[in-house]
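For reference, the structure is listed below as structure tokens.
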Amino acid sequence: MDEEDIVKCTECNGRELERDDARGEIICANCGLVLDDRIVDPGAEWRVFSIEQGEQRGRVGAPMTEMLHDKGLSTDIDWQNRDYSGKSIGNGRTRSQFYRMRKWQKRSRVSNSRERNLSMALAEMDRIASRLELPKSVRERSARIYRHCIKDNLIRGRSIEGVTAACLYLSCRLCGVPRTLDEIAQSARTGRKEIGRTTRLIKRKLKIRADIPTPDMYTARFCSQLGLGAAVSSKADEIIALCHEWEIDCGRGPVGMCAASIYIAGVVLDNRRTQREIAEIAGVTEVTIRNRYKEIVQRLNIDSTNF
DNA sequence: AAGACGAAAGTGGTTGA
DNA sequence: TCAACAACTTTCGTCTT
């Protein structure tokens, strides 16, 4: 888990956290509680003085990933009875030895219920993320949150699907590429209600602070889904910025604000979509778009001449 | 006929006593 | 825990292009 995920010390609520790369720990500066261990040190532990030396010293395998239940680090024993050079491994005795090794390898890897739970969840997570075309960073972060859920016993009594979807929903928001609850729910195997409920629980228990998304986080995606170009998109962002300046957006849902801004931008630039079309993509009703639209036009005095 | 408009009643989540 | 509340939805009749 990143430092951004932990905002407060669970012991004393202190907000000053220190990162210790040498030990791989995150520590509360106030009371000294270790909040997270095994963080990844991004640096190398050796120094290089030339490119060739760097290449020599670099030991690079597949990257560690949160998306595999063993983080991609455990050993595989191939099913073929061949050694490293491809020669077949001979007699019956070594063969049966390999058979036993494979068996125990499998058993030790997905051994307990937690591991099984995790690998199921990660598979489900991957399925939803693929359908929503979510970037890898979002998946990694989501997997990280899920691991913490397991650690804090948040899964018991809840469905894997629900917690998985909630982790993704949260992760999207944390990564600045928010999806609406409806979008997640459409690809998940649970309802919007459960995802929302579980999300709130995770936020509370893991003390994750996720700011409410701003309207401009949706513009690019909605516009491209509507087949609108960069011109409309950036005009919509302009309107959103103005609305924020004039506090027209306070207390309003960000999706509705975005939808209305896109509608106005379309009208202004003579590249319009109907309220119906935008409402469909954004997941709000035409009425909401109309209400926002009315307020914005009124307060900003927008008409065809001044925009 | 499609799109836009707006009134009115209903819904689900948040807040504060 | 419950009621008040604001935002948003649903529904539907009317107006505009």
Side-chain angles (χ1 to χ4, degrees), chain A residues 7-8 154 157-159 161-163 165-174 178-219 221-223 225-228 232 235-236 239-307:
Chain A
V7 291
K8 268 190 192 173
L154 300 184
R158 269 168 274 277
S159 69
E161 288 86 359
V163 181
C167 288
L168 273 170
Y169 174 64
L170 251 178
S171 173
C172 285
R173 282 173 57 179
L174 289 169
R179 301 293 125 132
T180 60
L181 264 181
D182 277 314
E183 286 176 292
I184 302 276
Q186 267 168 25
S187 299
R189 286 192 244 257
T190 30
R192 196 182 67 167
K193 214 171 162 183
E194 195 195 331
I195 301 174
R197 212 180 35 228
T198 313
T199 304
R200 231 175 309 136
L201 180 100
I202 294 173
K203 273 176 64 178
R204 203 176 53 237
K205 295 281 183 184
L206 298 185
K207 296 190 164 49
I208 294 174
R209 206 193 56 175
D211 294 329
I212 300 160
T214 54
D216 60 296
M217 289 176 174
Y218 299 99
T219 30
R221 192 158 50 90
F222 289 166
C223 280
Q225 283 181 48
L226 285 161
L228 291 166
V232 178
K235 177 63 80 180
I239 296 169
I240 288 167
L242 273 173
C243 288
H244 190 65
E245 207 175 304
W246 286 75
E247 297 179 351
I248 299 168
D249 59 352
C250 68
R252 303 277 118 105
V255 179
M257 281 306 297
C258 178
S261 299
I262 292 174
Y263 178 71
I264 296 170
V267 172
V268 166
L269 295 177
D270 209 27
N271 187 5
R272 61 197 296 170
R273 294 289 178 274
T274 63
Q275 294 178 353
R276 182 88 270 280
E277 289 172 307
I278 299 175
E280 177 99 20
I281 296 291
V284 292
T285 61
E286 299 158 71
V287 182
T288 305
I289 295 183
R290 280 202 288 276
N291 290 337
R292 290 302 84 78
Y293 159 71
K294 215 169 53 185
E295 290 162 7
I296 296 170
V297 169
Q298 210 175 49
R299 293 280 306 279
L300 295 180
N301 284 320
I302 293 176
D303 58 47
S304 46
T305 56
N306 67 1
F307 239 77

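We name chains A, B, ... by the order of the sequence lines, and we start the count at 1 in each one.
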Inset, instruction - Assess whether side-chain contact (heavy atoms from CB on, under 4.5 Å) is satisfied between A:R179 and A:R221, documenting all intermediate values. - result: CA-CA 10 Å; A:R179 301 293 125 132; A:R221 192 158 50 90; 3.4 Å; yes
Inset, instruction - Find the distance between OG1 (A:T199) and CD (A:E194) and round it off to the nearest 0.5 Å. - result: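 Taking OG1 in A:T199 and CD in A:E194, the distance rounds to 10.0 Å.
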Legend entry - Distance (rounded to the nearest 0.5 Å) between A:T180 OG1 and A:Y169 OH: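 Taking OG1 in A:T180 and OH in A:Y169, the distance rounds to 8.0 Å.
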Under 3.5 Å, which donor-acceptor pairs do the side chains of residues 248-270 of chain A form with other protein atoms, sequence neighbours left out?
unit_1 : atom_1 : unit_2 : atom_2 : d
A:D249 : OD2    : A:H244 : ND1    : 2.7
A:R252 : NH1    : A:E295 : OE1    : 3.0
A:R252 : NH1    : A:E295 : OE2    : 2.9
A:S261 : OG     : A:M257 : O      : 2.9
A:Y263 : OH     : A:R272 : NH2    : 3.2

Legend entry - side-chain contact (heavy atoms from CB on, under 4.5 Å) assessment of A:I195 paired with A:L168: CA-CA 10 Å; A:I195 301 174; A:L168 273 170; over 6 Å; no
Inset, instruction - Could you run through nucleotides 2-12 of chain B and give me one letter per nucleotide, 5' to 3': B if any protein heavy atom sits under 4.0 Å from the base, S if only the sugar-phosphate is that close, - if neither? - result: -SSBB------
Legend entry - Chi angles and distances behind the side-chain contact (heavy atoms from CB on, under 4.5 Å) call for A:L206, A:L154: CA-CA 10 Å; A:L206 298 185; A:L154 300 184; 4.2 Å; yes
Inset, instruction - Find the runs of at least 3 consecutive base pairs, i with j, i+1 with j-1 and so on, that include DNA chain C, using Watson-Crick or G-U wobble geometry with both distances under 3.5 Å. - result: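 Stem list for DNA chain C: B:1-11 with C:7-17, B:13-17 with C:1-5.
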Which side-chain N or O atoms in residues 277-285 of chain A pair as donor and acceptor under 3.5 Å with protein atoms at least two apart or in another chain?
unit_1 : atom_1 : unit_2 : atom_2 : d
A:E277 : OE1    : A:T274 : N      : 2.9
A:E277 : OE1    : A:T274 : OG1    : 3.3
A:E280 : OE1    : A:R276 : NH1    : 3.4
A:T285 : OG1    : A:T288 : N      : 3.4
A:T285 : OG1    : A:T288 : OG1    : 3.1

Legend entry - Distance-minimising heavy-atom pair for A:L226 and A:R273: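 Here A:L226 and A:R273 meet closest at O-NE, 2.9 Å.
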What are the atom names and distances for every N/O pair under 3.5 Å that joins the protein to nucleotides 2-7 of chain C?
unit_1 : atom_1 : unit_2 : atom_2 : d
C:dA7  : OP1    : A:R252 : NH2    : 3.0
C:dA7  : OP2    : A:R252 : NH2    : 3.3

Could you list the donor-acceptor pairs under 3.5 angstrom formed by side chains in residues 212-219 of chain A, with sequence neighbours left out?
unit_1 : atom_1 : unit_2 : atom_2 : d
A:T214 : OG1    : A:D216 : OD1    : 2.7
A:T219 : OG1    : A:D216 : O      : 2.8
A:T219 : OG1    : A:D237 : OD1    : 2.8

Inset, instruction - Give a yes or no on whether the backbone of A:A210 and the side-chain of A:R173 come within a donor-acceptor separation of less than 3.5 Å. - result: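 Yes; judged by distance alone, with no hydrogens or angles, the pair exists.
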